[in-house]
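Chain identifiers are assigned alphabetically (A, B, ...) following the order of the sequence lines, protein sequences preceding nucleic acid strands; residue numbering begins at 1 within each chain.
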Amino acid sequence: MHNTIIIGSGPAGWTAAIYAARADLKPMVFEGYEPGGQLMTTTEVENFPGFEHGIQGPDLMSVMRKQAKRFETEIISAMVDSVKQIDGGFEVVSKGQTYQSKTVILSTGATARRLGLESEKALYGNGVSACATCDGFFFKGKNVIIVGGGDSAMEEATFLTRFAEKVFIVHRREEFRASKIMQERVKANSKIELILNSEVIEILGVDVGHVTGVKLRNTVSGETSEMNIDGVFASIGHEPNVALVKGLVDLDEKGYVKTIPGTSQTNIKGLFACGDVQDSRYRQAITAAGSGCMAALDVEKFLAGHE
Amino acid sequence: MAHIFTEANFQAEVLSSPVPVLVDFWAEWCGPCRVLGPIIEEIASEVDESKLKIGKVNVDQNAHLSTEHRVLSIPTMLIFKGGQEVGKIVGSMPKEELLAKLAPYLA
Ligand SMILES: Cc1cc2nc3c(=O)[nH]c(=O)nc-3n(C[C@H](O)[C@H](O)[C@H](O)COP(=O)(O)OP(=O)(O)OC[C@H]3O[C@@H](n4cnc5c(N)ncnc54)[C@H](O)[C@@H]3O)c2cc1C
């Protein structure tokens, strides 16, 4: 039986692995569908301490992985399909194979929310994008929409003006959630135009195989209209990846895994959670890493108490 | 090793290839591309080149190719057979999943 299985390979998972490995627990990490986690989709990370001039997200994740590997971490490049409680621990299933472990560290993070439209799914990769930093390049001189009203929507809109001729921010409400400074930056940018009190109800172009426009609905008057557009980006927040443990652990009212404040302990003994999957409030790489450290130390203590 | 395709050799290496070709469109600044890159290399070193040829296009250096083949998101993998685009796979994914999608060409 393994000492601990870590599910997820973002900053939380790798930090937990580094600590657990250094404590000689020989952790096993499942990397999942998105090895390296959310930071793989960004460019410069300016606020992770230790990198005076910033570091590229993928580079940061690659060194974290190497650091975990250096201390005897077993890495498995696969999704975990299920976790259940057994006598003395947990049974983790991945690709038909079963692994048993005394403890589990859940660090499955969060995933960008989609608009949830059929047409969005159909046109993904053909004008609908989930990654502004990856795909902005392909919209040189074109017109794009970004849906959202938070800081990351403002940030992505600003980024997209490097390439696009015009960036329209479509937001459901009259007011943005974004910080003042980000809003001011956006309003001062002549390439950005705001479309408030509006939502995208359909993306047009399924018949021709690429995005040609969107159908908008005014959230106040209910009126609908169409506009021509070449690309659609969504920046409407994240959802915690809790599918694995639904029904097993308690979630909070926002749907995140509940932990005992000041610890990484869930309501199930031996099951610990860290990073964005249990944090609706801070959601930063450094807080995820910090809570990953907490989880590994909590595991170490838990195992010591059981020997 | 995966082949390097460019605007200069695309016609000869891809469109005129007697065997199907998988082309991975990527860029240095794209995180998911960097995850997929080593997977593509691994698959390239394992599959039989007489069945499927595998290579990469750097979109920064070959912007025309991405425009011409309507690549609007990376990573995107296009499959060409007899000069025609016959498949499109968008996004990074684990090796097994990609192999499953390529199975029809590897049989
Ligand atoms: C575009 C963007 C820019 C950002 N910029 C910054 C920034 O500049 N500074 C900053 O501090 N933060 C930034 N963040 C936030 C930061 O990325 C997150 O707070 C952090 O990545 C959370 O880490 P995590 O380890 O909890 O989870 P994640 O990074 O979300 O990783 C989750 C991991 O879990 C894995 N997983 C999920 N389900 C399963 C499963 N069933 N089986 C196995 N594995 C699974 C995934 O494959 C992934 O590896 C940014 C986020 C985004 C999206």
Quick one: donor-acceptor pairs between chain B and chain A, under 3.5 Å, side chains and backbone, table format.
from	atom 1	to	atom 2	distance (Å)
Gly31(B)	N	Met40(A)	O	3.4
Arg34(B)	NH1	Asp59(A)	OD1	2.8
Ser73(B)	OG	Asp135(A)	OD1	3.4
Ser73(B)	OG	Asp135(A)	OD2	2.8
Ile74(B)	N	Asp135(A)	OD1	2.9
Lys88(B)	NZ	Asn126(A)	OD1	2.5
Glu96(B)	OE1	Lys95(A)	NZ	3.4
Glu97(B)	OE2	Tyr33(A)	OH	3.2

Subject >> Gln84(B) atom CD, over 12 foreign heavy atoms within 6.0 Å >> reply: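 Counting other residues, nucleotides and ligands, CD of Gln84(B) stays at 12 neighbours or fewer.
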
Subject >> Lys51(B) NZ to Leu102(B) CG distance, which is reported to the nearest 0.5 Å >> reply: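 Rounded to the nearest 0.5 Å, the NZ-CG separation comes to 13.0 Å.
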
Original post:
Parallel, tilted or perpendicular for Phe159(A) and Phe163(A), by the 30°/60° rule?
Top reply: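 Correct class here is perpendicular.
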
**OP:** Name the orientation class of the two ring planes belonging to Phe80(B) and Phe10(B) (parallel below 30°, tilted from 30 to 60°, perpendicular beyond 60°).
**Re:** perpendicular

Original post:
Quick one: are Val59(B) and Ile74(B) in side-chain contact, heavy atoms under 4.5 Å?
Top reply: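 Yes, at least one pair of side-chain atoms sits under 4.5 Å.
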
Original post:
So, Phe25(B) versus Phe138(A), ring centres under 6.0 angstrom or not?
Top reply: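 Ring centres of Phe138(A) and Phe25(B) not closer than 6.0 Å.
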
